[in-house]
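Below you'll find the structure, written out as structure tokens, and then a few comments.
Quick note: residue numbers are just sequence positions, from 1. Nothing here was measured: the structure is a model prediction, and the numbers come from that model.
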Amino acid sequence: MSLFKKIYFYAGIIVMMSFIAVSCDDTTDTLGASLTEVSDMVEIQADEFNVASKSVAANNIVSRSRDGFLGKFKDTETGNYITCNYMTQFCVMDKYQFPGLDTIYIDSTKYDATVNKRFQVEADSCTLVLYISKTIGDSLALMKVTANELSEPYEESQTYNTDFDPEAEHMVRTDAGSVHSQLTYTTSNRIYTETQRSSSTFTNRINLSLNDSYTDKQGVTYNNYGTYLMRKYYDPEHRGSFNTFYGFAHDICPGFYIKHQGGIGSIATIYKAQIIVYYKGFVEKDSIIVMNSSFAGTEEVIQKTTIKQNENVLNKLITDESCTYLMSPAGILTELTLPVDDILNEHDNDTINTVRLFVPRINNTESNDYSLSVPQTLLLIPTDSIQSFFSKGEVADYRNSYIATYSSTTNGYTYGNISLLVSNLNTKRKEAQNKGETLSDNWNKVMLIPVSTTYTTVSTSTSLLTKVTHDMSFASTKLKRGKDDSNAIKVSVIYSKFKE
């Protein structure tokens, strides 16, 4: 018996002993005899098998994230270019968005007593603000963006992938008079002084002006976008649309598409967006001050990132025979072929106690301040189940899908026991054969996918996995490639059966 098999033989005996010990009462007088009987009754066997793997393209993953991303960056390890364009919609913070009409100051030089006041309300200025939580890449890189209003909103009932392009779908307004705001910026925000940036109250942000003349879809022109929002608010026909996200998105503001237009070196992580409208109002009869109201784009409303990558680079990486890749959020995934037939061969009457899978990582050849991070959490799931898993918002159940986290100690990812998955794949295979159905080519294939997980605390010692989404944090690594030779990725299997 090999050293590997000896180790797992005794490990199996210990597992069986623990089950027997737990089932006994407090008396230990017969424990030695019981364990001897177990070893006489149960036969433990261990084996290991090769796991093949390959890289596959992943350009159309479900785009769900609390954050948005904007900019362009080159991964120094792979040479891949990543471009991110960001869409956000907005909601009313509360039902009292603007003050009463009589509170608003109206310039007396423009006032016409024959015209309803609501048609004379004007905003001084309006700004679209994108709040930055962190930068991927060089925060000093000079970048350029444009912001355009959408012609129609993204719908809550529809699933959008990271390759969804609202421009190609004719969802972005480009007509004369629509919003078209341009800005050159750095994510380090050097337009503010070092004292301002180091202040505890400073929030890093990109400010896009919405102060140009704006024409709505009905052909009415306003001096800026803020005035458009205010006059819609004070119009009784549209006031109700400010009470719900659906009404606001469909009748007032479908949202904005912020597109990267130039520069390379950084991607900004956007955790919140706001439209801020500035205007003058009365706090007392003769006291006029500058006031503001805002509309928020947060995780409660739809925010999506469109991600574009260099297909030539991706194709080269996918065909690399020396390793496989994981590149998130959209790029490359690693697919494994589980040796179900080998695992079950001549073990029809055995119990599969453990199927352990370890996937080793390969260290980067380059390491610098701008290197992408290593994916921290991987979902293992049957290839044919990926789309339904993410579109339905499912979580890992440790029967057909599993979670593993990166270990710097082992420099890889360990799935402790996927025996239920192996059994389920075999069962589905047999059912298809019994029905005379054609078996899918993917029946024994599983995918490794970088994900973000959310846990909810249910007690002082227990947390429940409540959410699994694609990892949108931009991470990349190489994995050891599974081949049909001694260097393959392995699954370690422990079997047990009662002696005849």
SB check [X] [Y] (cutoff 4.0 Å):
{"X": "Glu237", "Y": "Lys232", "value": "no"}
{"X": "Asp175", "Y": "Arg173", "value": "yes"}
{"X": "Lys280", "Y": "Glu122", "value": "no"}

Is there a donor in the side chain of [X] and an acceptor in the side chain of [Y], or the other way round, less than 3.5 Å apart?
{"X": "Glu77", "Y": "Thr365", "value": "yes"}
{"X": "Ser55", "Y": "Thr324", "value": "no"}
{"X": "Arg205", "Y": "Tyr192", "value": "yes"}
{"X": "Ser188", "Y": "Ser139", "value": "no"}
{"X": "Asn204", "Y": "Asn189", "value": "yes"}
{"X": "Asp384", "Y": "Ser440", "value": "yes"}
{"X": "Thr466", "Y": "Thr456", "value": "yes"}
{"X": "Thr383", "Y": "Glu335", "value": "yes"}

Problem - Given Gln182, Gln261, His260, the one that forms side-chain hydrogen bond (donor to acceptor under 3.5 Å, both in side chains) with Thr146 - result: Gln261
Handout entry: OG1 on Thr78 to CG on Asn364, rounded to 0.5 Å
Key = 9.5 Å
Only distances under 3.5 Å count here; give the side-chain donor-acceptor pairs of residues 222-231 to other protein atoms, sequence neighbours excluded, each with its distance to 0.1 Å.
| from | atom 1 | to | atom 2 | distance (Å) |
| --- | --- | --- | --- | --- |
| Tyr222 | OH | Asp216 | OD2 | 3.1 |
| Asn223 | OD1 | Thr227 | OG1 | 2.5 |
| Asn224 | OD1 | Gly226 | N | 2.9 |
| Asn224 | OD1 | Thr227 | N | 2.8 |
| Asn224 | OD1 | Thr227 | OG1 | 3.2 |
| Asn224 | ND2 | Ala123 | O | 3.0 |
| Tyr225 | OH | Glu149 | OE2 | 3.2 |
| Thr227 | OG1 | Ala123 | N | 2.9 |
| Tyr228 | OH | Ile252 | O | 2.7 |
| Arg231 | NE | Phe119 | O | 3.3 |
| Arg231 | NE | Val121 | O | 2.8 |
| Arg231 | NH1 | Phe119 | O | 3.2 |
| Arg231 | NH2 | Phe119 | O | 3.1 |
| Arg231 | NH2 | Val121 | O | 3.2 |

Exercise for the section: Using modelled atom types only, decide if a donor and an acceptor are shared between the side chain of Asp212 and the backbone of Val179 within a distance under 3.5 Å. Expected result: no
Practice task
Assess whether atom CD of Glu311 is packed by more than 12 heavy atoms of other residues, nucleotides or ligands within 6.0 Å.
Solution key: no
Looking at side-chain heavy atoms only, is the closest gap between [X] and [Y] below 4.5 Å?
{"X": "Glu152", "Y": "His170", "result": "no"}
{"X": "Leu338", "Y": "Lys445", "result": "no"}
{"X": "Val468", "Y": "Phe389", "result": "yes"}

Problem - Qualifying residues under side-chain contact (heavy atoms from CB on, under 4.5 Å), relative to Ala249, sequence neighbours excluded - result: Gln89, Pro153, Phe245
Practice task
Check side-chain contact (heavy atoms from CB on, under 4.5 Å) between Ser213 and all other residues, then give those that pass, not counting sequence neighbours.
Solution key: Thr221
Exercise for the section: Taking the six-membered ring for Trp and the single ring otherwise, decide whether the centroids of Phe69 and Tyr86 are under 6.0 Å apart. Expected result: no
Exercise for the section: May I ask you to check whether Phe98 and Tyr279 place their ring centers less than 6.0 Å from one another? Expected result: yes
Problem - side-chain contact (heavy atoms from CB on, under 4.5 Å) between Met327 and Leu317, intermediate numbers included - result: CA-CA 10 Å; Met327 296 176 62; Leu317 297 176; 3.8 Å; yes
Exercise for the section: Report the C-alpha distance between His238 and Tyr233 in whole Å, list the side-chain angles of each, state the deciding distance to 0.1 Å, and finish with yes or no for ring-ring contact (aromatic ring centres under 6.0 Å, His included). Expected result: CA-CA 6 Å; His238 295 94; Tyr233 180 87; over 10 Å; no
Practice task
Please say whether the positively charged group of Lys272, taken as NZ for Lys or CZ for Arg, lies over the ring of Tyr131, i.e. under 6.0 angstrom from the six-membered ring centre and within 45 degrees of the axis.
Solution key: yes
